[in-house]
Amino acid sequence: MQELATEIQVPLSLPKTSEDPELLRIRHSMSHVMAMAVQNLFPAAKVTIGPWTETGFYYDFDNPAPFTEADLKAIKKEMAKIIGRRLPLQRIEVTRAEAQAKIIANNEPYKLEILAGLQEPITIYTLGETWWDLCAGPHVENTGQLNAKAFELESVAGSYWRGDEKRAQLQRIYGTAWASAEQLAEYQRRKQEALRRDHRRIGKDLELFSIEDEAGAGLVFWHPRGARMRLLIEDYWRAAHFDAGYELLYTPHVADITLWKTSGHLDFYSESMFGPMQVDEREYQLKPMNCPFHVLTYANKLRSYRELPIRWAELGTVYRYERPGVMHGLMRVRGFTQDDAHIFCLPEQIGDEILKILDLTELILSTFDFTKYEINLSTRPLKSIGEDAAWELATNGLIEALNRKGWSYKIDEGGGAFYGPKIDLKIEDAIGRMWQCSTIQLDFNLPERFNLEYVAADGSRKQPIMIHRAIFGSLERFFGIMTENYAGDFPFWLAPEQLRLLPVTDEVMVYAETLQAELQSNGIRCTIDRSGERLAKLIRNGEQQKIPILAVIGSKEAEQNSLSLRSRRQGDMGTILKQDLLKAAKEANQLRRPDLTP
RNA sequence: GCCCUUGUAGCUCAGCGGUAGAGCACUCCCUUGGUAAGGGAGAGGUCACGAGUUCAAUUCUCGUCAAGGGCUCCA
């Protein structure tokens, strides 16, 4: 069924740079052309680096004055000129001393620093008679091979030399370049499509949520429609967790700061925490994570090995300090709810537990039509705690589970947290973007710090294995991703307003009200459009608000106790008797169907 | 936090050194209309906030806050 989509008319393919050597040369050369253009127009600009990206290229400059959007136009024009001159690009091998002499002659301090880190042979690429850049290539042979109609300068942005915010502030210019004007047009069409799907746009248009200046950045207000959807998601999540053998917890939003000292967060996480607050004689801390609370709950009494595994989940709302300027719609906020869970188990249970988590993750994500995953396994970093044997056991447990699940994965050697190895899962959305949501982490740290134990079969005290895991990651973020995935066209079971009754005249209002009451009492989210506009307008409004089912009712329908249905996904569904609609809608809700009928 | 851009009606946006405009939405009136915009009238703005320059600031300058695109960081 997933295959169908690809059969419908294949659009112009847009290869990534890393998949297409020709595009790589084009983009790499284009960044040199841009650098030359910039230095022609701004002689004081110093060059730094100018790599390709998957959709284009950028170049970072150190220029006395920042570039403005207006400068981009002039730079683009200059680039077109350079392309028109069909200047050759030539690869020249030089010695370190020669390179150094050339760089010093040009007064390019950043290049000098780059040179210091290079191995011989050192290559430079010339562009025309006078301009050149330290570069490994590859490039096109001459600028005539670049298409002046297939590139665009997209934006200016600040960046830092070597990505280090303590070092020089540079000016980055982003561009995109393609082999043909048609490809550029297709790329721009896709950018438009991403804009159309933007959850911030859809969230406003469909009245799902807002972020209010007066309350502060990064704090989400869920409006009735968004809140209803969130509730549906949460209800489903809870049911799935009970089915999978979890119990649910509720824990406080604040706790005495000593708890955060014990957990270690005050030492290694304080930069991401809201400041403490004074209450009576004690200092309290708003929670940035749920784990210490679950740990305390575990430690509340002596546990037996017979109780394990313990699986505790919570939709836990946490607050984290995010630096100004990094917030982004629902994707990056300061207050959010994690679908957090902690599993306390015996060492020999790790493999089974991880596998169960993978199964539950797949079940839940696929319910929202996320069926393509990219999995990363991160192993022990250099700086870490815990014994070798524990790391090996845990890492093997993760690998064993992935193998049993039959999922392929990449290994990120040394990419784990200092307290344990982890599995990260990225999901692919409808337009091919990858998003990281789910994560499964082993933790040797907290059980140690809180002295967690259980009584083993032989009567001795042992430390349990602790697993953190989240499937959505954060409900806010997941909601944003899901909204973009569906482009606001939510499946029937999830739509905040599932069905809207459109009365053709006021005379059928009584019938409409009877219908609404009956549908609502059967758990179907249904409204009546009382605007009094003509039918065509009612339909237009309903379609714009992406209501899954619009039900036209006039005198004919009122007489027969029926409705004329118009489905957003399935088109005209003809006239249906009330009792048949009730049955179909209830079933669709129960089975979480995308449409009224399969 | 840093760089660029932006902030005018609920939304999308014009405008300008002499205190404001359009379309949609909203309210009312006419229309009772059968599958993507019927017609008319009206209401609605401390031009983000705070200073400064000026006879006069929504417009110019500076600061603050927020948003957008990035950097860094991240669920």
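The chains referred to below are lettered A, B, ... by the order of the sequence lines, with proteins before strands, and numbering in each begins at 1.
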- Note on the structure: Paired to B:U27 by Watson-Crick or G-U wobble criteria (both distances under 3.5 Å) is B:A41
- Item | Salt bridge present between A:E543 and A:R566 (N-O < 4.0 angstrom) | yes
- Query: Any salt bridge between A:D580 and A:K578, counting N to O under 4.0 Å?
  - Reply: no
- Note on the structure: Protein-proximity profile, nucleotides 33-48 of chain B, B/S/- by nucleotide at the 4.0 Å heavy-atom cutoff, equals BBBBBB----------
Let me have the donor-acceptor pairs involving side chains of residues 503-511 of chain A, under 3.5 Å, with sequence neighbours excluded, atom names and distances please.
from: A:T505; atom 1: OG1; to: A:E507; atom 2: N; distance (Å): 3.2
from: A:Y511; atom 1: OH; to: A:S562; atom 2: N; distance (Å): 2.9
from: A:Y511; atom 1: OH; to: A:S562; atom 2: O; distance (Å): 2.7

- Item | Counter-base of B:U54, judged by Watson-Crick or G-U geometry with both distances under 3.5 Å | none
- Task: Sugar-phosphate means primed atoms, P, OP1 and OP2; the rest is base. With that split, encode nucleotides 67-75 of chain B 5' to 3' as B, S or - using protein heavy atoms under 4.0 Å.
- Result: SSBBBBBBB
- Query: Going by atom types only, do A:D60 and A:Q171 share a side-chain donor-acceptor pair under 3.5 Å?
  - Reply: no
- Task: Indicate yes or no: does A:E513 engage A:R530 in a salt bridge with an N to O separation below 4.0 Å.
- Result: yes
- Please list, chain by chain and in numerical order, all residues satisfying ring-ring contact (aromatic ring centres under 6.0 Å, His included) with A:F42, sequence neighbours excluded. A:F67
- Set of salt bridge (charged side-chain N to carboxylate O under 4.0 Å, His left out) partners for A:E234, sequence neighbours left out: A:R230, A:R238
- A:D205 meets the side chain to side chain contact (heavy atoms under 4.5 Å, CB included) criterion, sequence neighbours left out, with A:R201
